[in-house]
Amino acid sequence: KQATYAAMRDVEPFTRDGTRIEVMMNAGLRDDIPMLSLTGADGIGLFRTEFQFLVSAALPQRDRQTRLYRDVLDAAGDKPVIFRTVDIGGDKSLPYLRSESSREDENPAMGWRALRLALEREGLLKVQARSLIEAAAGRCLNVMFPMVSEPWEFEAARAVFESQVAFLRQCRKTLPEAIRYGVMLEVPSLAEMLDVLVPRVSFISVGTNDLTQFLFAADRANPKLAERYDWVSPAILRFLRRVVAGTIGHPVQLGVCGEMGGRRLEALALLGVGIKRLSITPAAVGPIKELVRKVDMNEIGEAMTGWLANPPPDMRHALQKWAEEREI
Ligand code: PEP
Ligand code: MG
């Protein structure tokens, strides 16, 4: 296995027509960090900070959070790390963080979770902001907010970070060299506000795990529905293509960090709609880099335009056939 990783580690993911695709990895625990050098990923496109909360018996204190974030940044060196603020609540509920109302969410995925919870539990977000800012002293900090449904939520979360920056500046602490803010696009309503959002953020990462369940109204945790909605369905791909179109002409970096990006035909479809940055499970980094090298971005883009204008009865089959014909 080590040898397989080594063989793919230094593969540069350029498409046949010379587009450099960024292939980053998802992570969440200290143990994931060695995978960055092992896989040769371009960085950590999604660091799920809630994992530390989920494995702790009590709310992780500021020094523990800071230590983890600093270790991740140290290990990543020059490679970018995108820290996502906690996505807890809903189904990732914590015994030490029960909602005051004690009423459980009936639809946890659509419930009081992620940024919705963090904006109300401002103490929690403040501590996390301060930990991240201190951990990134003297270097670049990338912060991403989960489950943003409307642009004001992004602004409110950024304001919490900026007030911590102001406080630490007063304390004469070393600040990050730069802070870049971004959002997860996983609630469909946010896509309707792209024109408002795009000029305000440095990056957008599409969370297709949640996005799919919200687009199809299909619980991602329900095995009865798992086979029913295909990640390469025209509905999702049309949606993603509109998002790509909505960012053209802006300096915003757009990527996909849902699990679909780590699968062969799904990744091919994402290239087809014009996605150039993926953040995927570490084991998929090597195989996806190799796939990228076999694809002509222009050619898959044209094929996708045809398919989305006139959807084939079975999109997966069409992609599979296209790939086979090109020995991909
Ligand atoms: C997503 O929703 O696609 C995502 C990447 O976030 P998570 O799986 O942690 O909800
Ligand atoms: Mg999500």
Side-chain angles (χ1 to χ4, degrees), residues 12-24 42-43 45-46 80 82 84 140 142-146 148-155 158 178 180-208 210-212 214-215 231-258 260-261 265-280 288 291-293 295-311 315 319 322:
E12 277 244 26
F14 279 100
T15 61
R16 276 181 37 216
D17 48 342
T19 304
R20 177 67 161 85
I21 304 299
E22 278 181 280
V23 182
M24 305 173 90
D42 287 314
L46 167 63
I82 299 179
R84 176 175 78 181
C140 181
N142 295 291
V143 184
M144 175 158 78
F145 303 115
V148 175
S149 315
E150 294 188 290
W152 73 263
E153 293 169 314
F154 166 74
E155 294 295 352
R158 185 170 67 172
R180 301 169 72 245
Y181 297 99
V183 295
M184 299 266 309
L185 197 166
E186 48 189 347
V187 182
S189 59
L190 191 63
E192 296 295 334
M193 302 304 288
L194 264 192
D195 56 327
V196 177
L197 179 76
V198 157
R200 300 169 190 225
V201 293
S202 296
F203 54 89
I204 296 173
S205 191
V206 184
T208 46
D210 274 311
L211 180 67
T212 308
F214 297 135
L215 269 183
W231 270 324
V232 297
S233 73
I236 296 175
L237 298 175
R238 280 183 176 178
F239 185 98
L240 293 175
R241 207 168 57 150
R242 284 215 318 274
V243 173
V244 172
T247 61
I248 286 173
H250 292 276
V252 66
Q253 286 173 304
L254 177 69
V256 167
C257 65
M260 76 178 273
L265 292 180
E266 282 81 345
L268 184 60
L270 290 173
L271 297 178
V273 296
I275 295 286
K276 298 188 184 121
R277 172 189 264 198
L278 301 172
S279 189
I280 58 185
I288 294 299
L291 173 113
V292 164
R293 290 178 65 90
V295 178
D296 184 304
M297 193 78 179
N298 214 22
E299 200 186 3
I300 186 66
E302 276 176 19
M304 186 58 74
T305 302
W307 289 323
L308 294 188
N310 226 329
M315 188 69 186
L319 274 163
W322 191 91

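Atoms considered below: every heavy atom in the structure, side chains included; atoms not considered: hydrogens, waters and symmetry mates. We're numbering straight along the sequence, starting at 1.
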Please report the interatomic distance [atom1]([X]) to [atom2]([Y]), rounded to the nearest 0.5 Å.
{"X": "I82", "Y": "M24", "atom1": "CD1", "atom2": "CE", "result": "5.0 Å"}
{"X": "L271", "Y": "T19", "atom1": "CG", "atom2": "OG1", "result": "9.0 Å"}
{"X": "M184", "Y": "L46", "atom1": "CE", "atom2": "CG", "result": "6.0 Å"}
{"X": "N298", "Y": "T15", "atom1": "CG", "atom2": "OG1", "result": "9.0 Å"}
{"X": "L197", "Y": "L190", "atom1": "CG", "atom2": "CG", "result": "5.0 Å"}
{"X": "E22", "Y": "L278", "atom1": "CD", "atom2": "CG", "result": "9.5 Å"}

Got a donor-acceptor contact below 3.5 angstrom from the [X] side chain to the [Y] backbone?
{"X": "E299", "Y": "D296", "value": "no"}
{"X": "R200", "Y": "V196", "value": "yes"}
{"X": "R84", "Y": "V143", "value": "no"}

Are [X] and [Y] packed together at the side-chain level, in the sense that at least one heavy-atom pair is separated by less than 4.5 angstrom?
{"X": "R158", "Y": "E153", "answer": "no"}
{"X": "F239", "Y": "P188", "answer": "yes"}
{"X": "V243", "Y": "L254", "answer": "yes"}
{"X": "Q253", "Y": "R277", "answer": "yes"}
{"X": "T305", "Y": "R241", "answer": "yes"}
{"X": "L270", "Y": "M260", "answer": "yes"}
{"X": "M315", "Y": "S233", "answer": "no"}
{"X": "L211", "Y": "V187", "answer": "no"}

For this session: Using a cut-off of 6.0 Å, state whether more than 12 heavy atoms not belonging to E155 lie near its atom CD.
Result: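 Check passes, neighbour count above 12.
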If you compare all heavy atoms of [X] against all heavy atoms of [Y], which two are closest, and at what distance to 0.1 Å?
{"X": "P80", "Y": "D42", "value": "CD-O, 3.3 Å"}
{"X": "F203", "Y": "M144", "value": "CE1-CB, 3.8 Å"}
{"X": "A303", "Y": "W322", "value": "CB-NE1, 3.6 Å"}
{"X": "D17", "Y": "M297", "value": "OD1-N, 2.8 Å"}
{"X": "A269", "Y": "V232", "value": "CB-CG1, 4.0 Å"}
{"X": "C257", "Y": "G207", "value": "SG-CA, 4.3 Å"}

For this session: Please test I288 against I21 for side chain to side chain contact (heavy atoms under 4.5 Å, CB included), starting from the C-alpha separation and ending with a verdict.
Result: CA-CA 10 Å; I288 294 299; I21 304 299; over 6 Å; no
For this session: Apply side-chain hydrogen bond (donor to acceptor under 3.5 Å, both in side chains) to the pair W231 and T208, showing each step before the final yes or no.
Result: CA-CA 8 Å; W231 270 324; T208 46; 4.9 Å; no
Exercise. Would M304 and L237 satisfy side chain to side chain contact (heavy atoms under 4.5 Å, CB included), going step by step from the backbone distance to the final call?
Worked result: CA-CA 9 Å; M304 186 58 74; L237 298 175; 3.9 Å; yes
For this session: May I ask you to decide whether R20 forms a salt bridge with E12, counting only side-chain N to carboxylate O separations under 4.0 Å?
Result: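 Looking at E12 together with R20, the answer is yes, because their closest N to O distance falls below 4.0 Å.
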For this session: Take the angle between the ring planes of F145 and Y181 and call it parallel below 30°, perpendicular above 60°, tilted in between.
Result: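 Geometry flag for Y181 against F145: parallel rings.
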